[in-house]
Asker: 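Dropping a structure here in structure tokens format, bear with me for questions.
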Amino acid sequence: MSLETLVSHQQEGIAARLRGLGHDSNPFLARELLPQATGEPAEEWRSKAEAWLFGWLIENAWRQDDS
């Protein structure tokens, strides 16, 4: 998976947090995007899911620092 793809997923996580969505809104946790449904290698799926969550967590930490 390319660095650009991982950064894109991080940006999606940041955007979700900016919209007020919770970390459980990670789209990669949706049943239809799990490796069992897509046939995608688990490690590739995990990289995308973790990149999204990392972006969400960065924005969440930033928001908490502003309080």
Side-chain angles (χ1 to χ4, degrees):
M1 180 173 315
S2 71
L3 179 59
E4 292 81 15
T5 300
L6 290 175
V7 170
S8 175
H9 294 311
Q10 287 176 356
Q11 289 171 335
E12 292 168 5
I14 289 169
R17 177 60 183 92
L18 283 169
R19 290 191 309 271
L21 299 175
H23 63 83
D24 57 346
S25 67
N26 187 333
F28 297 104
L29 300 180
R31 184 175 306 233
E32 62 272 8
L33 293 180
L34 293 175
Q36 300 89 326
T38 65
E40 176 179 37
E43 189 58 38
E44 190 171 319
W45 169 84
R46 183 179 296 114
S47 294
K48 293 190 285 189
E50 288 177 351
W52 187 97
L53 179 59
F54 185 68
W56 190 95
L57 290 169
I58 289 171
E59 185 59 32
N60 190 57
W62 183 262
R63 296 270 163 215
Q64 290 177 358
D65 285 347
D66 284 347
S67 302

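Just so you know, these numbers use all the heavy atoms, side chains as well, and skip hydrogens, waters and symmetry mates. Count residues from 1 along the sequence.
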Asker: State, without any angle test, whether S2 and T5 hold a side-chain donor-acceptor pair at a distance under 3.5 Å.
Answerer: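 Yes - a donor-acceptor pair under 3.5 Å links their side chains.
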Asker: Within this structure, what is the CD-CG distance for the pair Q10 and L3, rounded to the nearest 0.5 Å?
Answerer: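 The CD atom of Q10 sits 8.0 Å away from the CG atom of L3.
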Asker: With clusters built from Ile, Leu, Val, Met, Phe, Trp and Tyr whose side-chain heavy atoms come within less than 4.5 Å, directly or transitively, what are the remaining members of the cluster of L21, listed by chain and number?
Answerer: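 Its cluster partners, ordered by chain and number, are none at all.
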Asker: Would you kindly confirm whether L53 and L29 end up in one hydrophobic cluster when ILVMFWY residues are joined by side chain heavy atoms under 4.5 Å apart?
Answerer: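 As far as the 4.5 Å side-chain criterion goes, L29 and L53 are connected within one cluster.
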Asker: Could you measure the distance from the CD atom of Q36 to the OG1 atom of T38? Nearest 0.5 Å is fine.
Answerer: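 Going from the CD atom of Q36 to the OG1 atom of T38 covers 8.0 Å.
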Asker: For the residue pair F28 and H9, is the inter-centroid distance of their aromatic rings smaller than 6.0 Å?
Answerer: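 Ring centroids of F28 and H9 are less than 6.0 Å from each other.
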Asker: For the residue pair A49 and N26, what are the closest heavy atoms and their distance?
Answerer: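 Heavy atoms of A49 and N26 come nearest at O-ND2, 3.0 Å.
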Asker: Under the salt bridge (charged side-chain N to carboxylate O under 4.0 Å, His left out) rule, what pairs show up with a residue in residues 26-43, not counting sequence neighbours?
Answerer: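 Qualifying pairs, neighbours excluded: E40-K48, E43-R46.
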Asker: Which distance, rounded to the nearest 0.5 Å, do you find between the CD of E12 and the OG of S25?
Answerer: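 It comes to 11.0 Å.
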Asker: Locate the shortest heavy-atom distance separating A42 from P35; write the atom from each residue and the value.
Answerer: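 Looks like CA-CG, 4.0 Å.
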Asker: Can you get from W45 to W56 by hopping between Ile, Leu, Val, Met, Phe, Trp and Tyr side chains that sit under 4.5 Å apart?
Answerer: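 Per the 4.5 Å side-chain linkage, W45 and W56 are co-clustered.
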Asker: For a 4.5 angstrom cut-off between non-hydrogen side-chain atoms, does H23 reach L57?
Answerer: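 No, their side chains stay 4.5 Å or more apart.
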Asker: Which is it for S8 and W52 under the side chain to side chain contact (heavy atoms under 4.5 Å, CB included) test, yes or no, and what are the steps along the way?
Answerer: CA-CA 8 Å; S8 175; W52 187 97; over 6 Å; no
